Amino acid sequence: HLNETIDSLERICYNIAHDLRAPTRSMQGFAQILLDEHSASLDDTAREYLNRIAASAARNDALILDLLAYGRLGHVELPCSRQNLQRQAEAIVRKVSDELKTPGVVVRIEGPLPHVWANPIALEQALTNLLTNALKFVPPGVAPRVTVRAEEFDSRVRIYVEDNGIGIPPDQHQRIFGIFERLHSDQTYPGTGIGLAIVQKSVERMGGRVGVESEPGKGSRFWFELPRATTAGPG
Ligand code: ADP
């Protein structure tokens, strides 16, 4: 009975999040139209307010999208198959680095990475979120240096994403995987606080686990484990 209640609550949250997108996008769209087409008849203060409305609506939309992604993980099937981690990681690194456009960024893949037993979409999401964080949480003026590598155990592969960023106090390591848990204001480092919760949920649904080793000022090493894939199947 409890499971059914949780299921139905998750579905309601998912639908609410979905329905909130249309009004949010409409606010963002109309604010942008005013800025683009009626800018000449507005004074600086009005333009500043419109910019703030557009930015708040964009933030709301990012939050809703993350909530939808998180909610979806609770109820969709995640069929797993043999995934070429090296190829996936190369594609994600290319995409994330292209979007970032910060000079001096170095992302290194210590390959060849092994094959894993995973759902391709969930794997992409987990790796993308860890990489995006690794590139984001650096001190001002420091160029991010990130390494992706893997270690093979008997039937598991542990994938590491290591950065030279601000680091995380040990007593916060558990907390940051919770939904909406953030250690910084949105002004210092923008974000929704859902990224790591998505990583944890995706990895656990694929039969793996996640963790982090980090200290303030010494960078972070996030990891997740997935079943190793042989040509015959997992393990
Ligand atoms: P978001 O990135 O949207 O804030 P996440 O759930 O991805 O949300 O991360 C939660 C919090 O964990 C972040 O706000 C940050 O405080 C901390 N964190 C995550 N990744 C890193 C990292 N690579 N280095 C330092 N802190 C991190």
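Start at 1 and go down the list; that is how both ligands and their atoms are numbered. By convention here, the first residue in the shown sequence is residue 1. This structure is a prediction, so every number in the text was calculated from the model and none was measured.
- Within 6.0 Å of CG in Asp36 there are more than 12 heavy atoms belonging to other residues, nucleotides or ligands.
- Sorted by chain then number, the residues whose non-hydrogen atoms approach ligand 1 to under 4.0 Å are Asn133, Ala134, Lys136, Phe137, Asp163, Ile166, Gly167, Ile168, Ile176, Glu181, Arg182, Leu183, His184, Gly191, Thr192, Gly193, Ile194, Gly195, Leu196, Ser220, Phe222.
- Using modelled atom types and a 3.5 Å distance limit, the side chains of Ser202 and Glu204 yield no donor-acceptor pair.
- A distance-only check finds a donor-acceptor pair linking the side chain of Ser214 to the backbone of Gly219 [under 3.5 Å].
- Here Ile33 is tied into one hydrophobic group with Phe30, each link being a pair of ILVMFWY side chains closer than 4.5 Å.
- The side chain to side chain donor-acceptor pair (under 3.5 Å) contacts involving residues 44-59 comprise Asp44-Arg47, Glu48-Arg52, Arg59-Asp186, where partners must be two or more places apart or lie in separate chains.
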Only distances under 3.5 Å count here; give the side-chain donor-acceptor pairs of residues 189-199 to other protein atoms, sequence neighbours excluded, each with its distance to 0.1 Å.
{"residue": "Tyr189", "atom": "OH", "partner": "Val138", "partner atom": "O", "Å": "2.7"}
{"residue": "Thr192", "atom": "OG1", "partner": "Asp66", "partner atom": "OD2", "Å": "2.5"}
{"residue": "Thr192", "atom": "OG1", "partner": "Ile194", "partner atom": "N", "Å": "3.4"}

